[in-house]
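Take a look at the structure below.
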Amino acid sequence: MATPKEQFEILTEGTVEVIKEEELEEKLVRAEREGRPLVVKQGFDPSAPDLHLGHAIGLRKLRQFQDLGHKVVVIIGDYTGMVGDPSERSETRPRLTHEEVMANARTYQIQLSKIVDPDPAKLEVVMNGGWFSEMTFADVMNLAGKYTVARILERDDFTNRWQNELPISIHELFYPLMQGYDSVEIKADVELGATEQKFNCLVAREIQKAYGVAPEVVMLLPVLEGTDGVKRMSKSTGNYIGIDEPPREIYGKTMSIPDEMIARYFELAAWLPESEVVAIRKELAAPETNPRDVKRRLARALVSLYHDDDAAATAEEEFDRIFAKGGLPDEIPEPALTIGGQADIASVWIVALVKSAGLASSNGEARRLIKQGGVRIDGEVVRDADATVSLDEPRLLQAGKRRFVRVLPDNVTLGEGE
RNA sequence: GGGGGGGUUCCCGAGUGGUCAAAGGGAACAGACUGUAAAUCUGUCGGCGAAGCCUUCGGAGGUUCGAAUCCUCCCCCCCCCA
């Protein structure tokens, strides 16, 4: 069993900020003395069931807590989700049904167990509707009375929106309070969050104190940029690599990150020790280094992390085949197609085919794709948008470099015109 | 309650009677190149079998030969004053 001192070293490694370090040390000492594990809190949005590499940073830290004997409580914010984190500043979210939330919670549990120890003694997954749905209006007023408007508006999202004359709804002001109240309910000793959660977590400390609960230690973790290398990784931006994705997706998406992000991904996504990250930075800086090779190592490492080494090797091989040599992927979809407005399977209009195969959303788009030389049939570029294709025999349809569809005669139905 | 500023295409944003399917940027897609699905460059980027036509600028009406642009009513957002 690691001593409190050793635990402190392990747990604070890789964090951006710990508020406050002394409190963490004290809590670790007390936990050992009393033989009581610390309660470590991590919240999740109920609406986005795909966990990605950005989440994984926190999950790994949770795992470290678990391995040191502490208990993790994951909170699915079904009630806070009704509000929406003001930092997202997104449109009013569609409210999820209870069934959807439950289904998402299950998905979370499955994905979590890729990194976190699912042992019920070490992991508890709860929904905050459990307590919020029981509250009366008087309870809500009581909570609202624990904090002031001026302090809530300190938050820079609110400040920015105020300055930019963007709307702030009253219920959004409740978001930090609700998140804080979660910490009261579960008596959190520690809360993990990305740096952007600093404000919310600090409010949680105040709310806990107001309810007579010892304030939690806040551990802030770095935010990982998405595959675009600019915005933080998130599902809504579409720049994410999911921890549950197939090997070829993880590999390919990794290869699409900007070169400047390579070292950062080694650090935050592949969790290399600092010394090795330094070495990689040095390697990348050397003029004789081809960044692609380093990126390949990164992609392989990430696939190995979430699958295994064999999968990584296979993914790399397939990637090389498709992109370096213009070859074919291992699996090509063979969808059933209904092509409208065509009379004869022996001469199907190419534009209609591309559209019905789902490679373009309109005839116009299909036409453009063809004119730009992005469409191939059996490997041959088709440039004539008026061309027809015989579908009597299997055809390999390709749009761009990476989208393939195999068209089988038996799968083709000639439908009515549109 | 009073005064003022806004709502434009996937997003941000320009556009104040015809030359507007609507500048510019971003995203996305394609091509070239490459060292890769990086970077860079070029092109495309509402719909229609493409001819011209149809639909689109918060909503509904109206003026006009012609409306994103003008008028009326309505909805929504923001600021200032109370």
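Naming: A, B, ... by sequence-line order, numbering from 1 per chain.
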Span that lies between the [atom1] atom of [M] and that of [N], in whole angstrom:
N	M	atom1	result
rU34(B)	rU40(B)	C1'	9 Å
rG31(B)	rA39(B)	P	16 Å
rG35(B)	rG24(B)	P	33 Å
rG26(B)	rC71(B)	P	35 Å
rU44(B)	rA60(B)	C1'	36 Å
rA23(B)	rG47(B)	P	15 Å
rA68(B)	rG15(B)	C1'	8 Å

Using a distance-only criterion (donor-acceptor N/O pair, under 3.5 Å, no hydrogens), is the base of [N] paired with the side chain of [X]?
X	N	value
Q372(A)	rG43(B)	yes
Q342(A)	rG49(B)	yes
D259(A)	rG35(B)	yes

Query raised in the report: Just checking, K146(A) and Y211(A): is the charged tip under 6.0 Å from the six-membered ring centre and within 45° of the axis?
Result: yes
Query raised in the report: Mind checking whether Y181(A) and F132(A) have parallel, tilted or perpendicular rings, split at 30° and 60°?
Result: tilted
Counting side-chain heavy atoms from CB outward, which of [options] is closest to [X]?
X	options	value
R368(A)	rA50(B), rA30(B), rC45(B)	rC45(B)
P291(A)	rA50(B), rG31(B), rG35(B)	rG35(B)
F319(A)	rA37(B), rC48(B), rA38(B)	rA37(B)

**Report entry** Neighbour count >12 (heavy atoms, 6.0 Å) for atom CD, E276(A)
**Finding:** yes
Query raised in the report: Under 4.0 Å between a side-chain N or O of K231(A) and OP1 or OP2 of rG26(B)?
Result: no
Report task. Examine rG47(B): is either OP1 or OP2 under 4.0 Å from a nitrogen or oxygen in the side chain of S362(A)? Give yes or no. Result -> yes
Requested in this report: Indicate the atoms forming the closest heavy-atom contact of E225(A) with V230(A), along with that distance.
Outcome: CG-O, 3.8 Å
**Report entry** Residue pair R60(A) / W271(A): nearest heavy atoms and the distance that separates them
**Finding:** CD-CD2, 3.0 Å
Report task. Decide, applying a 5.5 Å centre-distance limit and a 30° plane-angle limit (both strict), whether W349(A) stacks on rG49(B). Result -> yes
Query raised in the report: When all nucleic acid strands are considered with a 4.0 Å heavy-atom cut-off, which category describes G252(A): base, sugar-phosphate, or nothing?
Result: base
Requested in this report: Map S361(A) and R402(A) onto RNA chain B by nearest heavy atom, then report which one ends up closer to the 5' terminus.
Outcome: R402(A)
Report summary line: Under a 3.5 Å limit on both distances, the Watson-Crick or wobble mate of rA50(B) is none
